[in-house]
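Only this structure's heavy atoms are used, side chains among them; waters, hydrogens and symmetry mates stay out.
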Amino acid sequence: MINGAHLIIYSRDAEADRLFFRDVLGYPHVDAGHGWLIFKLPPAEVAVHPAEADGAERHELFLMCDDVNATVDELTAKGVEFTEPVSDAGWGLLTAFRLPGGGVVRLYQPRHAKAYEL
């Protein structure tokens, strides 16, 4: 039986991004050896969307919160750079922030039912 999932974020500065998840987001973690941190994530869900017409596939990380504006304020106070203002996407309030290694993570306050609450 499958009992978990492991998400990988590829980064141009993996050490900086690990420190971000540890120090800024405060995620609990284990050290898999030699400082290689693996983080416990909040409850999660997975969605499958169609690929673009050109067949290009990509994967995105969306973190969810109960109050996107309060979370933006909290993270901004910790020096996080937001790349998009909060916008109404219909299914929730959406924004995005940049990881130290250059990657972008989306953050949203969902209006839809949360699958992890089933």
Study note, to complete from the structure: CG of Leu63 to CG of Leu75, rounded to nearest 0.5 Å, is 9.0 Å

Point to revise | Point-to-point distance, once rounded to the nearest 0.5 Å, from CG of Leu25 to CD of Glu74 | key: 9.0 Å

Grouping I, L, V, M, F, W and Y whenever their side-chain heavy atoms are under 4.5 Å apart, do [X] and [Y] come out in a common cluster?
X	Y	result
Leu99	Leu7	yes
Tyr108	Phe82	no
Val86	Phe62	no
Leu94	Leu107	no
Val105	Leu37	yes

Heavy-atom side-chain proximity of [X] to [Y] below 4.5 angstrom:
X	Y	value
Glu15	Asp13	yes
His29	Arg18	no
Thr95	Thr71	no
Val80	Val72	no
Ile38	His6	yes
Asp88	Arg111	yes

Identify the heavy atoms of [X] and [Y] that sit nearest to each other, and give their distance.
X	Y	answer
Gly101	Arg12	O-CB, 3.5 Å
Gln109	Val68	OE1-N, 2.9 Å
Tyr116	Pro43	CD1-CB, 3.2 Å

Practice item. Quick one: sort the Phe20 and Phe97 rings into parallel, tilted or perpendicular, breaks at 30° and 60°. Key: tilted

Review point. Taking only residues two or more places apart in sequence or in another chain, which ones pass ring-ring contact (aromatic ring centres under 6.0 Å, His included) with Phe21?
Key: Tyr27, Phe39

Review point. Where do Glu60 and His49 land on the side-chain contact (heavy atoms from CB on, under 4.5 Å) test, with the steps shown first?
Key: CA-CA 11 Å; Glu60 295 179 292; His49 292 247; over 6 Å; no

Point to revise | Within 6.0 angstrom of Asp66 CG, more than 12 heavy atoms from elsewhere | key: no

Practice item. Report, as yes or no, whether the 6.0 Å neighbourhood of atom OH on Tyr10 holds more than 12 heavy atoms from other residues, nucleotides or ligands. Key: no

Exercise for review: Output yes when a side-chain donor or acceptor of Lys40 lies under 3.5 Å from a complementary backbone atom of Pro28, and no otherwise.
Suggested key: no

